[in-house]
Number of protein chains: 2
Amino acid sequence: MEFKEAKNKFVQTWGALGSQWGINKTMAQIHALLMVSNEAVSMEDIMDELQISRGNASMNLRALMDWGIVYKEYKAGERREFFTAEKDLDELAVKISRERSKREIKPALKILKEVSTIEVKDSAEEKHFVDQTSKLYDFVLKADNMLDKMTEFNENWLGKLVMKIMK
Amino acid sequence: MEFKEAKNKFVQTWGALGSQWGINKTMAQIHALLMVSNEAVSMEDIMDELQISRGNASMNLRALMDWGIVYKEYKAGERREFFTAEKDLDELAVKISRERSKREIKPALKILKEVSTIEVKDSAEEKHFVDQTSKLYDFVLKADNMLDKMTEFNENWLGKLVMKIMK
DNA sequence: TTAAACTTTCAAAAATAATTGAAAGTTATT
DNA sequence: AATAACTTTCAATTATTTTTGAAAGTTTAA
């Protein structure tokens, strides 16, 4: 396999993976492209490489920047903007998990708390509901906290964690 | 908030959450419904509670069973089938992570290995590509193994893990 | 201030994914 | 063997999400 083919395969694969995780294909592809680029890439080049429209590129770059995993860069003497991706994988994982926690887990926890604390009658059905949602609340809360803790090690957290769990 | 409202809210929320994780809304809703039901539910009742068609119910129940998180149950003297969800959260998390690993992470690793081991010319661009994809391969492999290890504790693994990481 | 070079926005179009429902399939009962 | 009670399948429809592209917006330079 030669370089161009490999690069394309990587970008496509990452894009497909993205869709399975609720991230749109183009967003994941742009990120993939930037990840493996050794220098900042202009919007024009992104459009060109991925065969997408200007609007699409612009919107998805914005979304990636909102996630904090892609940055704008300005080159001296150049009018247009260039983009780079967060390339440090520890940092990338931390940012992604922070963002998902904020956007998805925290709001879900709020709902779980609400529904698990209703007053219920003395029926098996209602008791089971409260019991199960309470357990779910505890579980999700614990998992969320753990993720936080895990990524708190920061520098090489995954490696350190593996060590810790093994022994 | 009264029981019915709470139950509905829970089912809706879980459904919405599903979509953000690449699981379709109905599939997540059915799972939510079964999770909080204290007894097995017939397809008829699922259709009724979620206001969905027979085909939709059938297909999504099948998918949930493929994931190993919903089971069929037969009641004595009853012709039709009833369904229950895996209610043990440790077990549920283990099954979901096994399945996602098998379906998504393993195939991604295969591609990452392929593209990170190409022969490259002496260009900074190509070197960077191999370097970055290799790092990604290592990272994903490590994370996948860790998930496996984590869930291997099995009974109350999340609790045990929290203990382990804290100290 | 005007023009050129660029980016963003957003309504409409296209692509993708989910859902329906009726026909075909299956299994149990008479 | 025929019928009744149920489930599955899948082509067509509907709903949702993504993408386009041109107009509006912004910034820099002359």
Side-chain angles (χ1 to χ4, degrees), chain A residues 11-34 40-67 70-85 103-104, chain B residues 11-34 40-67 70-85 103-104:
Chain A
V11 170
Q12 295 307 320
T13 305
W14 218 237
L17 216 63
S19 342
Q20 292 174 310
W21 285 80
I23 285 154
N24 93 39
K25 194 183 64 174
T26 304
M27 188 169 156
Q29 286 183 343
I30 294 177
H31 183 251
L33 183 65
L34 295 180
V41 182
S42 69
M43 201 157 95
E44 208 70 38
D45 287 346
I46 291 171
M47 289 164 56
D48 199 60
E49 284 223 48
L50 302 179
Q51 293 290 310
I52 57 171
S53 70
R54 189 171 295 286
N56 198 3
S58 174
M59 286 170 111
N60 284 111
L61 280 166
R62 151 61 51 104
L64 285 163
M65 289 188 292
D66 288 349
W67 274 74
V70 160
Y71 315 111
K72 250 186 202 168
E73 239 176 47
Y74 298 93
K75 285 196 185 172
E78 280 269 17
R79 186 72 100 56
R80 69 220 151 112
E81 300 166 337
F82 291 81
F83 302 88
T84 25
R103 295 181 195 217
E104 296 153 24
Chain B
V11 169
Q12 295 307 319
T13 305
W14 217 239
L17 216 61
S19 343
Q20 293 173 308
W21 284 80
I23 286 153
N24 93 38
K25 192 184 65 176
T26 304
M27 186 169 157
Q29 285 183 343
I30 293 177
H31 183 251
L33 183 64
L34 296 179
V41 183
S42 70
M43 203 157 95
E44 209 69 38
D45 286 348
I46 292 171
M47 287 164 57
D48 200 61
E49 283 223 49
L50 303 180
Q51 293 291 311
I52 57 172
S53 70
R54 190 171 293 287
N56 198 2
S58 174
M59 286 169 111
N60 284 113
L61 280 166
R62 150 62 51 105
L64 285 163
M65 289 188 292
D66 288 348
W67 274 74
V70 161
Y71 316 111
K72 249 186 202 165
E73 237 175 51
Y74 298 96
K75 285 195 186 173
E78 278 272 19
R79 182 70 139 316
R80 69 220 152 110
E81 301 165 339
F82 291 81
F83 301 88
T84 26
R103 294 182 196 215
E104 296 152 23

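Convention: sequence-line order gives letters A, B, ...; per-chain numbering from 1. All values derive from a computational prediction rather than experimental measurement.
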Chemist: Can you tell me how far P of dG21(D) sits from CD of Gln51(A), to the nearest Å?
Modeler: 11 Å
Chemist: Have a look at Glu81(B) and say if it touches a base, only the backbone sugar-phosphate, or nothing, with a 4.0 Å heavy-atom cut-off.
Modeler: sugar-phosphate
Chemist: Look at Ser58(B) and dT9(D) and indicate whether a side-chain polar atom (N or O) is within less than 4.0 Å of OP1 or OP2.
Modeler: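 Result: no.
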Chemist: Hydrogens and angles aside, do Trp21(A) and Glu104(B) bring a side-chain donor and acceptor to less than 3.5 Å of each other?
Modeler: yes
Chemist: Would you kindly give the CG-to-P distance between Asp66(A) and dT9(C), to the nearest whole Å?
Modeler: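 In whole Å, dT9(C) P lies 10 Å from Asp66(A) CG.
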Chemist: On a heavy-atom basis, which atom in Leu34(B) and which in Ala85(B) lie closest, and how many Å separate them?
Modeler: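 It is CB-CB, 3.6 Å.
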Chemist: Are Met65(A) and Tyr71(A) packed together at the side-chain level, in the sense that at least one heavy-atom pair is separated by less than 4.5 angstrom?
Modeler: no
Chemist: Could Arg54(B) and Glu44(B) be called an ion pair, given the rule that one side-chain N must be under 4.0 Å from one carboxylate O?
Modeler: yes
Chemist: Between Met47(A) and Ser53(A), what is the shortest heavy-atom contact and its length?
Modeler: CG-O, 4.0 Å
Chemist: Which is more 5' along DNA chain C, the nucleotide nearest Gly55(B) or the one nearest Ile23(B)? Just name the residue.
Modeler: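 Upstream on the strand: Ile23(B).
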Chemist: Locate the shortest heavy-atom distance separating Val70(A) from His31(A); write the atom from each residue and the value.
Modeler: CG2-CD2, 4.2 Å
Chemist: Without decimals, in angstroms, what is the distance between Asn60(B) CG and dA18(C) C1'?
Modeler: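 My rounded result for the distance is 9 Å.
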Chemist: For Lys25(A) and dT19(D), give me the distance from atom NZ to atom P, rounded to whole Å.
Modeler: 6 Å
Chemist: Over how many whole Å does the gap from Arg62(B) atom CZ to dA18(C) atom P extend?
Modeler: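 In whole Å, dA18(C) P lies 18 Å from Arg62(B) CZ.
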Chemist: Heavy atoms only: give me the nearest Met43(B)-Ala57(B) pair and the separation to one decimal.
Modeler: CG-CB, 4.0 Å
Chemist: Report yes if at least one side-chain N or O of Arg54(B) is closer than 4.0 Å to OP1 or OP2 of dT20(C); otherwise report no.
Modeler: no
Chemist: Measure CE/Met47(B) against C1'/dA5(D) and give the value in whole Å, please.
Modeler: 14 Å
Chemist: Please state how far atom CG in Leu50(A) lies from atom P in dT20(D), giving the value in whole angstrom units.
Modeler: 10 Å
Chemist: Give the rounded distance in Å between these two atoms: CE of Met59(B) and P of dA18(C).
Modeler: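 Roughly 11 Å, once rounded to whole Å.
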Chemist: Might you list the N or O atoms of the protein lying below 3.5 Å from N or O atoms in nucleotides 25-30 of chain D, with each pair's distance?
Modeler:
| unit_1 | atom_1 | unit_2 | atom_2 | d |
| --- | --- | --- | --- | --- |
| dT28(D) | O2 | Arg79(A) | NH2 | 3.0 |

Chemist: Would you say dC6(D) has OP1 or OP2 under 4.0 Å from some side-chain N or O of Lys72(B)?
Modeler: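 Indeed not, no polar side-chain atom of Lys72(B) lies that close.
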Chemist: Give a yes/no on whether any side-chain N or O of Asn24(B) is located under 4.0 angstrom from OP1 or OP2 of dT16(D).
Modeler: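 For dT16(D), neither OP1 nor OP2 has a side-chain N or O of Asn24(B) closer than 4.0 Å.
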